[in-house]
Amino acid sequence: MTTPIAPDSAPATTAPTATPVIMDGPGFGPGAAGGERYRSPLLDGLNPQQREAVEYRGPALLIIAGAGSGKTSVLTRRIASLLETREAWPSQILAITFTNKAAAEMRDRVRAILGQGADGMWISTFHSSCVRILRREAEKAGLTSTFSIYDSADTKVTLKRIIKSLDADTLGFTPGNVSARISKLKNELADVDSYARNANMSDPQEVMFVEIFRQYTSRLRAASALDFDDLIGETVYLFRAFPAVAALYRRRFRHLLVDEYQDTNHAQYALVRELTRPVSRELAEEMEADGVHVRNLRDATGAIPGASLTVVGDSDQSIYAFRGADTRNISEFERDFPGTKVILLEQNYRSTQNILSAANAVIGHNFDRKEKKLWSAGGDGEKIVGYTAYSGHDEAQFVADEIAVLHQAGMAYRDMAVFYRTNAQTRALEEILVRAAVPYRVVGGTKFYERAEIKDALAYLISVANPVDELALRRILNTPKRGIGPATETQLASFAEANQITFRQAMRNAGALGLGPKVTGAILALSTLLDEAALKLDPASPASPAGPANVSELLTFLLDGSTLLAGLRNSRDPQDEARAENIEELVAQTKDFNRENPDSGLVDFLTQVSLVAAADDLDDASGTVSLMTLHTAKGLEYEAVFLTGVEEGLLPHQMSAGEPGGPAEERRLFYVGITRARQRLYLSLAMTRAQFGDINVAMPSRYLQEIPVDLIDWKQSPGMANSRGGTQPRALNARRDGFGGGFGKRDGTPPGLPPAPKPKTEWANRVTGTVRDNGDLTLAAGDRIRHVDFGDGRVNQVTGDGAKRIAHVQFDTAGAKKLLIKIAPIEKL
DNA sequence: CGTACATCTGTTTTT
DNA sequence: CAGATGTACG
C-alpha cells in the first residue's frame, strides 16, 4: 500500500480575505516581462512551439498538445517562467490538473526549478480546489465547513433508500440509472428546481424522477453533504450568488492554467469562466474600501481585468464524454475567449515512429477532428507485435512470456504496463502472472478506500467531524455488531423525523424510544463514544489537556472504543485478518498524514481520502509491471505497453455501441493506449473469452485493420479474415464462422493503407487452416486428437452444444485442457 | 436479531 | 462467476 499523495501539500495559504497580496514586489510592473531578450535556461531543449508556449503572454492561450509532445514540461516551465520573471507571485497561480498525481508531479517539477519560490501556489484538481473554496465559504453556501463528501457508493446508498421509500423501483428506477441521470444534470449545472420547471409533469416517470431528485437533494442538505458533482456546481453557484466572494478569488488568481482541458465538462467550464472574469470597478472600489489591496491590479477603467487563462488539451484524447466531458470546450475555446493564441505541439518525444504511425492511422478514422499528425525524430523502432490468442488465458500467457523476454533483455518491470478495457480482464492476467512469477500491481481496481472495513472506520471519523451526516452514522450504528438491527434503525430515524431533530440527537435520546434495555444501552454507548471523541477535538475541553487530538489519536480512540479492530482480530473468519490489516494500514496512513501535514486536521484528512483517484496511488518506485484500465493509463507512459483484449465487444465495448459518438470515443481510448508506449507496443486479442461463467467467441476489433499492415508483426494473426489484401479474401470473408463477418463491415479504405501487401502466408495458413475449419468437427469421449501446441491427447468428455461445444481433453504431455471445439487448433486422429 | 442458505442479478470506463 | 438480495430458521 502506498500513501496517498496529499492533494495540496503546499503550506496552507491563508484566505485571500485575510492576507492581501502585495503587488509591488521587485520586478513587478512595466518593463519586467517584455523588453530585452533574456534567454532563460527554462527554454533549454525546447522546440520553437514549446518555447512560444512558455513565453507567450496574453489573456488566453490554447495549447493543443498531442500525446507525448512534452506538455507537462511546457506547463511547468510556463509556471516557472511566470514566477522567475516576477510577473506573478506563487499565490497568484492556480493550476488545475485532472488527477492528484498529475498535480503532485507538476508541483515537484516546478519546485525542482525554483525551490522554495514555488510555495503558495494552488496546484490541484478541480475537485480539491473547489473543496478548499467551499470549506472557506461554507456558511455562504449554506453548508457547515465540515461538510461530508459523498462518493458514488454513498450516493447510491442514499438513492436506494429513497427509491425504496417511494416504491419507485416498480417504475424502473435503480440507484444506478438515477445517479447517472442526476450526475448528468449536475454536470450541466441543472438543479432540481430548474429541471422541474422544464419537466413534462404529465409523465408519471418524470414526476417520480423529480421527486427522487428532490429528496436526494434535501437529504444531502440535511446531512451537510455534497456529492462529487456538487463540488464543482456549488462553487459555481457560490460565485454567481456572491459576486463579492467571487471577486476575492478573481483578484487572487491572476494566472489560471488547466491541464487536460478536453476532459472538462460544462460545470468545470463554467467554473473556469467564473474565475477568469474581470472584477468591476464598483466591486474593486468596495474591496479597496475593505482594505483589500487591489490598486496595482486595476486598469485604466478602474476594473480588475480577468485572469490570464492557459489551457492544454488534445481532443483526440478525450475519453470521458460518458462522464459529461465536452470537447466543445476546447473546439470553441477561441470563440469563448476572444484574443486567444493557439499553439500546436505535434512533435512527439515519447514513441517510435512506427507506434506514432499506427496511432495516427487509427485516430485518422475519426471524422470531425482537427487534422494533427504526430511525428518523431527518433526513428522507426521495432514493429508493433500482434498476437491472436485462443482464449483470455492464452493471451495472458503471451503477455507473461513477452514480459519475461523483455526482462531478460534488460528492461525493468516498472517500465512495462498491461492495459485493458474492463477491470474484469484482470482476473486471467493475474492468474497467469502469479504463476509466471512476474511482479505486478493492479493500479486502481478495488480501491483501498472503497473497502468495506475502511469505509466503516472512516464513517466513525466522519460521524465525529460532521455529526449531522446520517449516512455515516447509520453505517456505524451496527458495525461492529451491537444488536442494533434494521427495526431499531428505522425507529431512530422516524423518531428524529417526528421530533425535527437529527439522527445523532435521536441517538442521544434513545432512552425515550421505549426500546429494550440492551439495545438502548448499545445506542447510548456509541453515542457517548462519539461525544467523547468530539471533545478530544475541542481545544477548550478538559478532555484534551495536551491540545486537540490529531487524526491518528482520534482514530485509535474510536477503534478502541468501538472494538471494531479488536472484533476483526478475534474473528475466526480468515478474511477478517486481512481486514484488520487494512484498518491498521489506515492508522499508519493517518500517522503519515499527521507528520506530513502538521497543521491539518480531521477534515483535511477526510477530504484527501475522498478525492484520491485510481492513478494516484501509482508508486513509480516499485519494481513491478503495472496493470490498469485504458482510462487510468491516460497521462502515463511506459517503455513497453501490452494492449490486451483488442476485440469487438470489448474495444469498442459493447455498451458503447448504442451511444452516439461511442465508437469514436472508444477509438480515442485505443489511441490513448497506443500512444503510452515509448519503444515497444504489443496488441493482443483472444478468439474466445470467458465471461459471466461461459465462453464467448470474439471477433478482432475493427480498429486493428485501421493500422497499416506493415507496421504490425503478427506472431499469430486473427486469420485470413484479417489478411487484408490477401490472395483469397472474397471467398473467405464470405464465411460466417465468427471471424469472417467482423471484417466484412468495413466502411472505407483507410488512407495510406497499401492496397495489396504480400500475404503473410506463414501465419495465415497456420491459423486459418487449422483454427477455423472445425465447424463440423464432431468429437466424442475416447477420441484421440492432435493439438498444434499441446500435442496428442484423449477426449474425456464433450459439453455444451452448437458453437460452444467444449472438449475436455487429457493431453499426453500438456495435462488436462478444455478446448472450444469450433476454433481450437486441433485435428482428429 | 443474527446466521445460513437459496435465489437472482448483472456485468464500462471514474473525479 | 460472484456479489447482492431475500427467506427461513435458531
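Chain A is the first sequence line, chain B the second, and so forth, proteins listed ahead of strands; every chain is numbered from 1. This one's a predicted model, so the numbers in the text were calculated from it and none came from an experiment.
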Comparing A/Leu669 and A/Arg482 on DNA chain B - which has the more 5′ nearest nucleotide | A/Arg482
Candidates B/dC1, B/dT15, B/dT14 - which lies nearest the side chain of A/Thr488 | B/dC1
So what's the dot-bracket for DNA chain C: Watson-Crick or G-U pairs under 3.5 Å, [ ] if a pair crosses, | if it pairs off-strand?
-> ||||||||||
Hey, mind stepping through A/Lys71 and A/Asp314 against salt bridge (charged side-chain N to carboxylate O under 4.0 Å, His left out) and telling me if it holds?
-> CA-CA 10 Å; A/Lys71 67 161 193 188; A/Asp314 175 6; over 6 Å; no
Give one of base, sugar-phosphate or nothing for A/Ser152, where a contact means two heavy atoms less than 4.0 Å apart.
-> nothing
Spacing of A/Arg451 atom CZ relative to C/dG3 atom P, expressed in whole Å = 12 Å
Rounding to a whole Å, what distance do you find between A/Glu260:CD and B/dT15:C1'?
-> 12 Å
Atom-pair distance (CG on A/Asp230; C1' on B/dT15), nearest Å | 13 Å
Do A/Arg451 and A/Asp456 sit within salt-bridge range, that is, some charged N less than 4.0 Å from a carboxylate O?
-> no
Any A/Thr629 side-chain nitrogen or oxygen under 4.0 Å from OP1 or OP2 of B/dT14 = yes
In terms of the angle between their ring planes, are A/Tyr638 and A/Phe419 parallel, tilted or perpendicular, with boundaries placed at 30° and 60°?
-> perpendicular
When rounded to whole Å, the CZ to P distance for the pair A/Phe419 and B/dT13 reads 16 Å
Classify the nucleic acid contact of A/Ala424 as base, sugar-phosphate or nothing, counting any heavy atom under 4.0 Å across all strands shown.
-> nothing
Test side chain to side chain contact (heavy atoms under 4.5 Å, CB included) applied to A/Tyr320 and A/Thr264, step by step | CA-CA 9 Å; A/Tyr320 286 105; A/Thr264 53; over 6 Å; no
Spacing of the C1' atoms in C/dA4 and B/dT13 (rounded, Å) | 22 Å
Rounded to whole Å, the CG-C1' distance (A/Leu226 to B/dT15) equals 14 Å
For A/Phe126, which contact category applies under a 4.0 Å heavy-atom criterion: base, sugar-phosphate, or nothing?
-> nothing
What's the verdict on side-chain hydrogen bond (donor to acceptor under 3.5 Å, both in side chains) for A/Glu666 and A/His653, showing C-alpha distance, side-chain angles and the deciding distance?
-> CA-CA 7 Å; A/Glu666 299 280 310; A/His653 195 276; over 6 Å; no
Neighbour count above 12 (heavy atom, 6.0 Å) for A/Lys455 NZ | yes
Using a cut-off of less than 4.0 Å, is there contact between a side-chain N or O of A/Asn478 and OP1 or OP2 of B/dG2?
-> yes
If you check the A/Phe228 side chain, which of B/dC1, B/dT15, C/dC1 turns out closest?
-> B/dT15
Anything under 30° is parallel, anything over 60° is perpendicular, the rest tilted; go ahead and classify A/Tyr249 against A/Phe239.
-> tilted
Should the pair A/Arg667 and A/Phe670 be classed as cation-pi, given the thresholds of under 6.0 Å to the six-membered ring centre and 45° from the axis?
-> no
Mind calculating the distance between OH (A/Tyr320) and P (B/dT15) to the nearest angstrom?
-> 6 Å
Would a distance-only check, ignoring hydrogens and angles, find a side-chain to backbone donor-acceptor pair under 3.5 Å from A/Asp469 to A/Asn466?
-> no
Using a 4.0 Å cut-off on protein heavy atoms (strictly under), produce a 5'-to-3' string for nucleotides 3-12 of chain B with B for base contact, S for backbone-only sugar-phosphate contact, and - for none.
-> S-------BB
Length of the line joining A/Asp326:CG and B/dT15:P, which is rounded to integer Å | 20 Å
A/Asp604 and A/Asn597 side chains, donor-acceptor separation under 3.5 Å = no
d(CZ, A/Phe98; P, B/dT13) in whole Å = 15 Å
